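Just so we're clear, the structure is a prediction, and the values are computed from it rather than from any experiment.
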Amino acid sequence: MSASTPFSSVNSPSLAPVSHSRAVLVTGAAKRIGRGVALEFARQGWDVAVHYGESEREAHATVTDIEALGRRAVALKADLAVETEVERLVPACVEAFGGLNCIVNCASRFDEDTAVDFGYAKLLEMTAVNVAAPLTLARMLHAITPDAAAEDRTLRGVVINVLDQKLYNMNPDYLSYTLTKAALDNATVALAQALGPKLRVAGLAPGLTLISAGQTPASFESAHRVTPLNRASTVDDVAQAACYLANAHGVTGTTLVVDGGQHLVPSPRDVMYMIGAQKP
């Protein structure tokens with residue numbers, strides 16, 4: 001694959017043969033939580049496909065960092081709102097690594113709207129990225145997972161859908177985003193039922209993890225501490241939980257909430273509106 005195609009790769013011939021490797025595709029792996037997940041999988045011995053949309057420079061930097069950890073990596077560009085581009089990701093991983101064992105759906109659209117100003121276009125755009133793309137990738141991973149995985153759990157594929165703690169402590173903010181994550185939460189159960197025993201499907205729901213646009217460092221730190229553990233999730237927390245789920249052969253159709261207990265503290269508004277956040 002050349003750099004001029006939608007998929008570009010950087011491989012090292014000195015690394016372990018494909019047959020002795022496990023490979024994971026992490027969507028949205030160029031930056032933020034996705035990058036942390038990709039690097040943790042590499043530390044734990046996985047080869048990693050780094051999906052990105054627009055962040056090409058950051059994606060290739062992540063590839064370089066993964067290779068420095070002694071694993072193979074490939075950077076794959078795809079618009080998750082375009083079905084044909086999503087359908088090319090799994091074959092590209094197989095081409096790069098000889099197979100694919102795990103998909104972590106980190107990428108998502110996070111646009112602001114409410115019940116009084118939402119529109120079809122925004123809701124449908126977020127549904128394509130936040131729901132349809134993970135469903136398509138799960139279907140394609142199931143298709144390439146060997147039939148022997150039905151009996152040999154070490155051969156099973158696994159899909160990990162990154163959700164949000166707010167599903168367990170509902171508030172009305174970011175309405176379309178929340179609805180798409182709720183759909184993906186339910187899809188996690190339905191896919192686990194439909195695609196087993198060849199595939200496991202699990203959810204991972206972080207809490208407040210990184211500063212977002214509209215938050216100051218001070219407001220982020222204050223909101224981050226409003227939990228029973230005096231902190232919400234860190235990137236390392238989320239990445240380690242994703243790796244746990246990838247290796248937890250008995251876990252499917254359920255969600256692991258990794259938020260320091262944030263979902264246990266009632267909140268009528270999204271964390272973006274808490275303690276000094278620059279929101280109305």
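Rounded to the nearest 0.5 Å, atoms CD (Glu56) and NZ (Lys77) are 7.0 Å apart. Residue Leu80 holds its CG atom at 7.0 Å from CG of Leu89, rounded to the nearest 0.5 Å. A distance of 10.0 Å separates CG in Leu39 from CG in Asp236, rounded to the nearest 0.5 Å. The CE atom of Met126 sits 4.0 Å away from atom OG of Ser176, with the distance rounded to the nearest 0.5 Å. For the atom pair Thr27 OG1 and Ile160 CD1, the distance stands at 11.0 Å (nearest 0.5 Å). Rounded to the nearest 0.5 angstrom, Gln165 CD and Thr255 OG1 are separated by 13.0 Å.
Partners of Asp147 by side-chain contact (heavy atoms from CB on, under 4.5 Å), not counting sequence neighbours, listed by chain and number: Lys198. Partners of Thr84 according to the side chain to side chain donor-acceptor pair (under 3.5 Å) rule, which considers only residues two or more places apart in sequence or in another chain, do not exist here. Thr127 meets the side-chain contact (heavy atoms from CB on, under 4.5 Å) test with Leu123, Val131, Thr180; sequence neighbours excluded. Among residues two or more places apart in sequence or in another chain, the side chain to side chain donor-acceptor pair (under 3.5 Å) test is passed with Thr145 by none. The side chain to side chain donor-acceptor pair (under 3.5 Å) check on Asn247 picks up Arg22, with sequence neighbours excluded. When the side-chain contact (heavy atoms from CB on, under 4.5 Å) test is applied to Ala192, the partners found at least two apart in sequence or on another chain are Val201, Thr252. In this structure Arg35 satisfies the side chain to side chain donor-acceptor pair (under 3.5 Å) test together with Thr62, Asp65, sequence neighbours excluded. In terms of the side-chain contact (heavy atoms from CB on, under 4.5 Å) criterion, residue partners of Glu58 (sequence neighbours excluded) are, by chain and number, Ala30, Lys31, Ser55. With sequence neighbours excluded, the residues forming a salt bridge (charged side-chain N to carboxylate O under 4.0 Å, His left out) with Lys166 are Asp270, listed by chain and number.
Tracing side-chain contacts under 4.5 Å through hydrophobic residues (I, L, V, M, F, W, Y), one reaches Tyr244 starting from Val158; they form part of the same cluster. Trp46 and Val235 fall within the same hydrophobic cluster, defined by Ile, Leu, Val, Met, Phe, Trp and Tyr side-chain heavy atoms under 4.5 Å apart, directly or through other members. When hydrophobic clusters are built by joining Ile, Leu, Val, Met, Phe, Trp and Tyr residues whose side-chain heavy atoms come closer than 4.5 Å, directly or via intermediates, Leu184 is not grouped with Leu175. The cluster map of Ile, Leu, Val, Met, Phe, Trp and Tyr, joined by side-chain heavy atoms under 4.5 Å apart, puts Leu167 and Leu179 in different clusters. Using a 4.5 Å cut-off between side-chain heavy atoms of Ile, Leu, Val, Met, Phe, Trp and Tyr, with links allowed through other members, Val189 and Val159 fall into different hydrophobic clusters.
In this structure a side-chain-to-backbone donor-acceptor pair under 3.5 Å is missing from Arg200 to Leu195. Proximity of a side-chain donor or acceptor of His51 to a complementary backbone N or O of Gly28 within less than 3.5 Å is detected. Side-chain N or O atoms of Asn186 include one that pairs as donor or acceptor with a backbone N or O of Ala182 at under 3.5 Å.
Using a 4.0 Å cut-off between charged side-chain N and carboxylate O, Arg88 and Glu85 make no salt bridge. Asp47 has a carboxylate O that lies under 4.0 Å from a charged side-chain N of Arg71, or vice versa, which qualifies the two as a salt bridge.
The ring pair (Phe, Tyr, Trp, His ring centres under 6.0 Å) pairs that include a residue from residues 134-170 number zero, where partners must be two or more places apart or lie in different chains.
Side-chain contact check for Val74 versus Val50: every heavy-atom pair is 4.5 Å or farther apart. Looking only at side-chain heavy atoms (C-beta outward), Val238 and Leu204 come within less than 4.5 Å of each other. The side-chain heavy atoms of Thr178 and Asp164, taken from C-beta on, include no pair separated by under 4.5 Å. Within the 4.5 Å cutoff, the side chain of Ser21 has heavy atoms near those of the Arg72 side chain.
Leu155 forms part of no hydrophobic cluster, judged by ILVMFWY side-chain heavy-atom separations under 4.5 Å.
Across all non-hydrogen atoms, the minimal contact from Ala38 to Val48 is O-CG2, 3.6 Å. Taking all atoms of both residues into account, the shortest heavy-atom contact from Val63 to Ala73 is CG1-CB, 3.8 Å. Across Pro197 and Arg156, no two heavy atoms sit closer than the pair O-NE, 2.8 Å. Annotation for Leu199 and Ala138: closest pair CD2-O, 3.6 Å, computed over non-hydrogen atoms. What you find for Leu76 and Ala49 is that their closest heavy atoms are CD1-CB, 3.9 Å. Minimum interatomic distance between Phe41 and Ala242 (heavy atoms only, all atoms of both residues): CZ-O, 3.8 Å.
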Derivation of the side-chain hydrogen bond (donor to acceptor under 3.5 Å, both in side chains) call for Asp152 and Thr154:
CA-CA 5 Å; Asp152 185 348; Thr154 65; 2.6 Å; yes

Run the side-chain hydrogen bond (donor to acceptor under 3.5 Å, both in side chains) check on Thr188 and Asp185 step by step: do they pass?
CA-CA 5 Å; Thr188 297; Asp185 186 24; 5.1 Å; no

Met140/Glu87 under side chain to side chain contact (heavy atoms under 4.5 Å, CB included): CA gap, chis, key distance, verdict
CA-CA 7 Å; Met140 300 197 72; Glu87 289 176 335; 3.9 Å; yes

Carefully, step by step, assess Asp113 and Tyr177 under the rule side-chain hydrogen bond (donor to acceptor under 3.5 Å, both in side chains).
CA-CA 8 Å; Asp113 66 354; Tyr177 164 81; over 6 Å; no

Do any side-chain atoms of residues 99-110 form donor-acceptor pairs under 3.5 angstrom with protein atoms, and if so which ones, sequence neighbours left out?
{"residue": "Asn101", "atom": "OD1", "partner": "Ala23", "partner atom": "N", "Å": "2.7"}
{"residue": "Asn105", "atom": "ND2", "partner": "Asn161", "partner atom": "OD1", "Å": "2.9"}
{"residue": "Arg109", "atom": "NE", "partner": "Asp111", "partner atom": "OD2", "Å": "3.0"}
{"residue": "Arg109", "atom": "NH2", "partner": "Asp111", "partner atom": "OD2", "Å": "2.4"}
{"residue": "Arg109", "atom": "NH2", "partner": "Glu125", "partner atom": "OE1", "Å": "3.3"}

